[in-house]
Amino acid sequence: MPELPEVEIVARQLARRLTGRTVRHLRILDPLLRNGVLPRVSGREIVAVRRSGKRVLIRFSKGGTRRPLWLAIHLRMTGRLICHDGTRRDRSHLRARFVLDRGELWFVDTRRFGTFGWYASEAETAPGGVDPLDRDCTAARLGELLGASRQPIKPWLLRQDRLVGLGNIYASEILYAAGISPFRPAGSLDRGEIGRLHRQTRRILRRAIENCGTTFSDFQDSRGVEGSYQRYLRVYDRQGESCRHCGTAIARVVQAQRSTFHCSDCQR
DNA sequence: CTTTCAGCCTGGGCGC
DNA sequence: TGCGCCCAGGCTGAAA
């Protein structure tokens, strides 16, 4: 489910609903989420929630320990964070449960790929790559990141140690919007192409955020907020259908074991 | 350094 | 209805 826009939406909504709440206790139900020693989180207040790359970052108050604490939650494929008033009955795939002074926060994850990372300083939470929506992610900066890489641009866009936040859907959509073939070596893009890639990356991510992301279901349970960006998808999951611009059949190919969707006519 | 590949998990959809 | 297979929006670590 979640790439940058979906995680951004989740983080914003959680920030609104969780900031100021105090943790009564945390129950980790899936042993896969217990990596290393669990810091004491009971009694701490949630001070802030924001996105870091594709992770949701929760900052807790120092509490009685005098040490700050951050939790980075990676949703991976199927992770969801559900805020509710404590009356939710459906416990299927419930992996962790924060009981708060008012309501609860549940981590629900069917495939159990999601991860929890605990950090004692903000610096440790920094992602490896540049956030494409950051002010300092200019076209020139993108050009530096691309460097002379010979890796095809589509798998390159998925590398979280370069740019953070892009996943398989938006990578295909961005390259289509920029008119760039997914097979082009990353370092072969000229100035104009880098400019288009940069502009379309930011435009598509922003628009996806405005539309609450692509097909993600109700992390707010009863409210059932769903993304609507899927109606803007131009190539993803459209193999065999015609390109909206030129009519050519959209192709699906496999690059680095992931599906890539593209129009061989519009993308060069 | 690069690229490929198996693996981590579960469930939905498909063809037979 | 059931079975086996393939697929999935992510990422890691080992191997070539």
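Per chain, numbering begins at 1; letters A, B, ... match sequence-line order.
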Checklist entry - Has the side chain of A:Arg111 got a donor or acceptor atom sitting under 3.5 Å from an opposite partner on the base of B:dC9? => result yes
Item to check | A:Asp136/A:Arg141 salt bridge by N-O under 4.0 Å criterion | outcome: no
Next on the checklist: Who clusters with A:Val47? Use side-chain heavy atoms, under 4.5 angstrom, across I, L, V, M, F, W and Y, and order the result by chain and number.
Outcome noted: none
Next on the checklist: Suppose you measure atom P in C:dC7 against the same atom in B:dC5; what distance do you get, rounded to whole Å?
Outcome noted: 14 Å
Next on the checklist: Please compare A:Ser149 and A:Phe113 by the position of their nearest nucleotide in DNA chain B and report the one closer to 5'.
Outcome noted: A:Ser149
Checklist entry - Just checking, any donor-acceptor pair under 3.5 angstrom between side chains of A:Tyr170 and A:Gln200? => result no
Next on the checklist: Please give the stem ranges for DNA chain C, sorted by first residue number, where a stem is three or more consecutive Watson-Crick or G-U pairs and both donor-acceptor distances are under 3.5 Å.
Outcome noted: B:2-8 with C:10-16, B:10-16 with C:2-8
Next on the checklist: Less than 3.5 Å apart, any donor N or O on the side chain of A:Gln255 or A:Thr260 sitting next to an acceptor on the other?
Outcome noted: yes
Checklist entry - Would you call A:Glu8 and A:Arg12 a salt bridge, using N to O less than 4.0 angstrom? => result yes
Checklist entry - Would one find a side-chain N or O of A:Arg112 under 4.0 angstrom from OP1 or OP2 of B:dT10? => result yes
Checklist entry - Mapping A:His74 and A:Phe261 onto DNA chain C by nearest heavy atom, which one lands closer to the 5' end? => result A:Phe261
Checklist entry - How would you label the contact of A:Arg55 with the nucleic acid (heavy atoms, under 4.0 Å): base, sugar-phosphate, or nothing? => result nothing
Checklist entry - Judged by modelled atom types alone, do A:Thr78 and A:Arg111 share a side-chain donor-acceptor pair under 3.5 Å? => result no
Checklist entry - What is the nucleic acid contact for A:Gln257, judged by heavy atoms within less than 4.0 Å: base, sugar-phosphate only, or nothing? => result base
Checklist entry - Under 4.0 angstrom, heavy atoms only, what part of the nucleic acid is A:Pro152 near: base, sugar-phosphate, or nothing? => result sugar-phosphate
Checklist entry - Any side-chain N or O of A:His93 under 4.0 Å from OP1/OP2 of B:dT10? => result no
